[in-house]
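Here's the structure we're looking at; comments come further down.
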Amino acid sequence: MNQTIEKLVSLCKRRGIIFQSSEIYGGFGAVYDYGPLGIELKNNISQLWWKEMTQVHENIVGLDSAILMHPKIWEASGHVNAFHDPLVDCKQCNSRYRADEFGDDYDSIEWDTIKCPKCGTTGKMTEPRQFNLMFKTHVGPVEDSGAVTYLRPETAQGIYVNYQLVQGAMRMKIPFGIAQIGKAFRNEIVARNFIFRTREFEQMEMQYFVKPGTDDEFMKEWKEKRFRFYPNKLGVDESKIRFHEHGKTELAHYAKEAWDIEYEFPFGWSEIEGIHNRTDFDLSQHETFSGKKLQYFDQQENSRFLPYIIETSAGLNRMLLTVLSDAFWEDTENNRIVLKLHPRIAPVKAVICPLIKKEGLPEKARTIVDGLKPHFKVLYDQQGSIGKRYYRQDEAGTPFGITVDHQSMEDDSVTIRDRDTQEQTRISSDQILNFIRDKMD
Ligand code: GAP
């Protein structure tokens, strides 16, 4: 594992952000649990996305469809036949790889000349075999083929099969969007790089229904909007994000055009979000498989058509890894590790510390906590030296450290310490709320 990622993994464990799933049983491959600070951070990120979609855009509404769906949906979507990854094994050491790790043109590779990256043996690699990434499960008590279905590998299909119900109920007019956040599952062949590629993850997907012919224009609009989200809302360093356009061989079976937003992770540039022009592929497949007409009726033009769909599809966990990688800072000068998270997404906004545990300072600090906690998450800490208390919170990404000292008892002021610069300023305690709110905006 990359060294920076290793340090991040250990920080995440130490500070209760992310844990390996089932750790007391030796762990469970490529599945992770989110600890107390991890869930706060994840919620802050997903709420930003949700607000951006369903509040800022009046023509986008939300949905929460089920993970289990009718099995025919996955035949219609193409996932039963086409959602495969090519897999190769080293017969010497049993290591398993995605064939495309050795090159996009893996079909023309002579596998008996390939060296195993793990054990170094040449000539022991198998030919690629196609491996379906969907998790199969059985519905009902009898494990016969009639009861087989799948855990959804993308949330998108739940939107397509509900699109007419949503459009009718909310009287949506094209162009309009439906947004959804939810779990998705993929039986990934190789899972590495921490939470980058896992078998259970969350997607934040928005499907934008447009009139055919206007799709290119909306594709451009959504590409730009989604790109800006990273620096503007999450505070991610703009020089570390870029677009990558899918070439013909990379395009998914449903896409006419696809762009990835990539981030420069410690292990290299990798995808965090995809923006796809899915045309009317999905809706026309569902028309065929369900036998139901899914056309949209345009009242003004008195015409019917199958909408085209522009999809924005982001992984919540990858977005979280993006902000963690971006925020991770080894401040060697001061011998500390800092998560420079934007105050808007930081799990805890401030730690409130009485300088000493007596003379009424703890009570005063508690009063400040009580005043702030209805507005955002804050912590009270009186354990250890003030320096240690601050450093603990630097690692947790808490942007502000508020100290109640003797002067506070006289003039109701406090010191407020900036996590990144470590500068302290003195403000009146009734200004704390506005001070932090300003920084969150
Ligand atoms: N509905 C389109 C779709 O699912 P995708 O490119 O396969 O497209 C979209 O996935 C996003 O979901 C990716 O950009 C990534 O952020 C996230 N994602 C996909 N597979 C993942 C995995 N195994 N672990 C974590 N995130 C994943």
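Order of appearance sets the numbers: ligands from 1, and atoms from 1 within every ligand. None of the values given here were measured: they were computed from a predicted structure. Side-chain atoms are counted along with the backbone in the values below, which use heavy atoms only and exclude waters and symmetry mates. Throughout, numbering of the chain's residues begins at 1 and tracks the sequence.
The nearest protein atom to atom 24 (N) of ligand 1, hydrogens excluded, is given as T198 N, 3.0 Å; this is a heavy-atom distance. Looking from atom 15 (C) of ligand 1 to the surrounding protein, the closest heavy atom is R318 NH1, 3.4 Å. When hydrogens are left out, the protein atom nearest atom 25 (C) of ligand 1 is F196 O, 3.2 Å; that is the closest non-hydrogen contact. Among protein heavy atoms, the minimum distance from atom 18 (N) of ligand 1 is reached at F201 CE1, 3.5 Å. Of the protein's non-hydrogen atoms, E311 OE1, 3.0 Å is the one closest to atom 2 (C) of ligand 1. In this structure, atom 17 (C) of ligand 1 lies nearest to the protein heavy atom G315 CA, 3.7 Å. Looking only at heavy atoms of the protein, atom 9 (C) of ligand 1 is closest to S313 OG, 3.0 Å. Regarding atom 14 (O) of ligand 1, its nearest protein heavy-atom neighbour is E271 OE2, 2.6 Å.
Below 30°, between 30° and 60°, or above 60°: for F176 and Y163 the angle between ring planes is below 30°, a parallel geometry. Ring geometry, Y296 versus F305: the interplanar angle falls from 30° to 60°, so the pair is classed tilted.
For D326 and Y263, the side-chain atoms include at least one donor-acceptor pair closer than 3.5 Å.
Taking the side chain as every heavy atom from C-beta outward, Y32 and Q20 approach each other to under 4.5 Å. Residues I73 and H286 are in side-chain contact: their nearest non-hydrogen atoms beyond the backbone lie under 4.5 Å apart. By the 4.5 Å heavy-atom criterion applied to side chains, F209 and I309 are counted as neighbours. At a threshold of 4.5 Å between non-hydrogen side-chain atoms, the residues V236 and F229 do not count as touching.
Taking every heavy atom of E273 and a limit of under 4.0 angstrom, the matching atoms of ligand 1 come to 14 (O). Atoms of ligand 1 lying under 4.0 Å from any heavy atom of E154, numbered from 1 in the order shown and given with element: 1 (N), 2 (C), 3 (C), 4 (O). Of all atoms in ligand 1, listed by their number and element, those nearer than 4.0 Å to a heavy atom of R278 are 1 (N), 2 (C).
Under the 4.0 angstrom criterion for non-hydrogen atoms, I272 is in contact with ligand 1. Proximity of Y32 to ligand 1 is not established, as no heavy-atom distance is less than 4.0 Å.
When non-hydrogen atoms are compared, ligand 1 lies under 4.0 Å from the side chain of Y254 (C-beta onward) but not from its backbone. If you look at Q207 next to ligand 1, there are no close heavy atoms at all, none under 4.0 Å. Contacts between H276 and ligand 1, counted as non-hydrogen atom pairs separated by less than 4.0 Å, involve the side chain only. Proximity of Q203 to ligand 1, defined as any heavy-atom pair under 4.0 Å, is confined to the side chain (atoms from C-beta onward).
Among F376, Y390, F435, the single residue meeting the ring-ring contact (aromatic ring centres under 6.0 Å, His included) criterion with F400 is F435.
Around atom 5 (P) of ligand 1, the closest heavy atom drawn from E205, R152, Q157, R186 belongs to R186.
When ring centroids are compared, Y254 and H276 come within the 6.0 Å threshold.
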* To do: Decide yes or no on salt bridge (charged side-chain N to carboxylate O under 4.0 Å, His left out) for R419 and D331, but give the supporting numbers first.
  => CA-CA 11 Å; R419 174 198 61 203; D331 180 6; over 6 Å; no

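The backbone N or O of V190 lies less than 3.5 Å from no partner atom in the side chain of R98, so there is not a single donor-acceptor pair.
Ion pairing between a basic and an acidic side chain is recognised when a charged N comes within 4.0 Å of a carboxylate O; R278 and E154 show such pairing.
Distances between N or O atoms of E188 and those of ligand 1 include at least one value under 3.5 Å.
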